[in-house]
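Structure first, commentary second.
Each ligand, and each atom within it, is numbered from 1 in the order the structure gives.
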Amino acid sequence: MKITVLPGDGIGPEVTAEAVRVLRVVGAIHGHNFEFEERPIGGVAIKQTGSPLPSTTLDTCLAGDAVLLGAVGAPEFDSMPPNLRPEAGLLLLRRALGGFANLRPAISYDAIAATSPLRSEIARGADILIVRELLGGLYFGEPRGFFGSNGDSVARNTMIYSVAEIERVARVAFETARKRRRKVTSVDKANVLETSQLWRQTVSRVARDYPDVTLDHLYVDACAMHLITTPLRFDVILTENLFGDILSDEAAVITGSLGMLPSASIGGSVGLYEPVHGSAPDIAGRGVANPFGAIASAAMMLRYTGSLEQEADEIEEAIRVVLKAGYRTPDIASGETRLLAKTSEIGQLVCDAVDELADMRHSYHAV
Ligand code: IPM
Ligand code: MN
């Protein structure tokens, strides 16, 4: 597997380094040949080349099998127009790779259930998969920009969806639900928006092909509330781009920290795997960032691009082992935490746990 690594800005390089380290260990154990190529994206790319997505970066991504990305964004670009910001590099990359279905799992891990500000009887056991449409809606709709007589007295963005765009992401949600608890909640704002009415009609029609999966619909405002009052009511949440962006940050509250959340963008020519968290410039370079989201993204890469289900399971199990042993980065620490760990220590601990799981598997087979 040829993996393009795009560390990006802020804590991106710190967390991707740990994900790569875990992948190397898994590759060695299972005899897989993972090749890594590193390229710039985002703010660091703007500084080196003037562009947030240099053509050499894009070409390398397109020539490989999968992309592992850290984060983009830096405060020094805050006053720049959207097309010159680090984030533009990520949006161009998403579109070029073509992954229209962005899978964002939010799980309440038992060992850190108390980290969530939600009462543990509400959060415990939650296991949600948000399927976010990634290449449409307000993020990419035209026309967009600043207009008006002064050139900037009015700004406009366009929310637009076609039946085809809705249908393809809906199918991913239903297919994925079949491997889970067979329930899809489609989220829209059909009481106000035409795009949402089309969304609801299309999802309902697609649902007829999946009679074994239960479908319900929620308005996005109600969903925002139910997510944190009754997270256990959800299995798969299917929604459009901006709603999915917002709801996935909110879902992080269930897990305890945004640093825990991974993502996979699938359905295109090359899979894109990135933690949901941003570049966190305030803590960058101090070795305290939470690498679990990046490491779990690497697991999703093995599952969805590599079809390496067992290897992916082992990484996810190793994450649980390390959490259960009590190791914490500051964002998931509490008053009871005694084992505060650096970013790189967490990476090493996950590698050790992966190794141990492999040993256990061998001795089990030997018996
Ligand atoms: C995310 C991020 C991105 C998004 C930004 C960095 C463009 O917030 O992946 O959720 O809005 O999609
Ligand atoms: Mn976001």
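For ligand 1, the polar-atom distance check against R132 finds a nitrogen or oxygen pair separated by under 3.5 Å. The shortest N/O to N/O separation between E87 and ligand 1 does not fall below 3.5 Å.
For the pair R320 and F292, the cation-pi criterion (under 6.0 Å, within 45° of the ring axis) is not fulfilled. A cation-pi arrangement is not found for R95 relative to F140, the charged atom failing to lie both closer than 6.0 Å to the ring centre and inside a 45° cone about the ring normal.
D245 lies close to the Mn ion (ligand 2), since one of its N, O or S atoms is found at a distance under 2.8 Å.
Across I266, L238, T239, a single residue satisfies side-chain contact (heavy atoms from CB on, under 4.5 Å) together with V131, and that is L238.
Nearest protein heavy-atom contact of atom 4 (C) of ligand 1 is Y139 OH, 3.5 Å. The protein atom (non-hydrogen) at minimum distance from atom 1 (C) of ligand 1 is R104 NH2, 3.3 Å. Here the heavy atom of the protein found nearest to atom 10 (O) of ligand 1 is D245 OD1, 2.9 Å.
With respect to R94 and E274, a salt bridge is recorded, a charged nitrogen being found less than 4.0 Å from a carboxylate O. Salt bridge annotation for D235-R182: absent, with no cationic side-chain nitrogen under 4.0 angstrom from a carboxylate oxygen.
Shown in contact with R94 at under 4.0 Å from a heavy atom are these atoms of ligand 1, numbered in order with element: 1 (C), 3 (C), 4 (C), 9 (O), 12 (O).
Pairs engaging residues 47-57 under the side chain to side chain donor-acceptor pair (under 3.5 Å) rule: K47-E76 [sequence neighbours left out].
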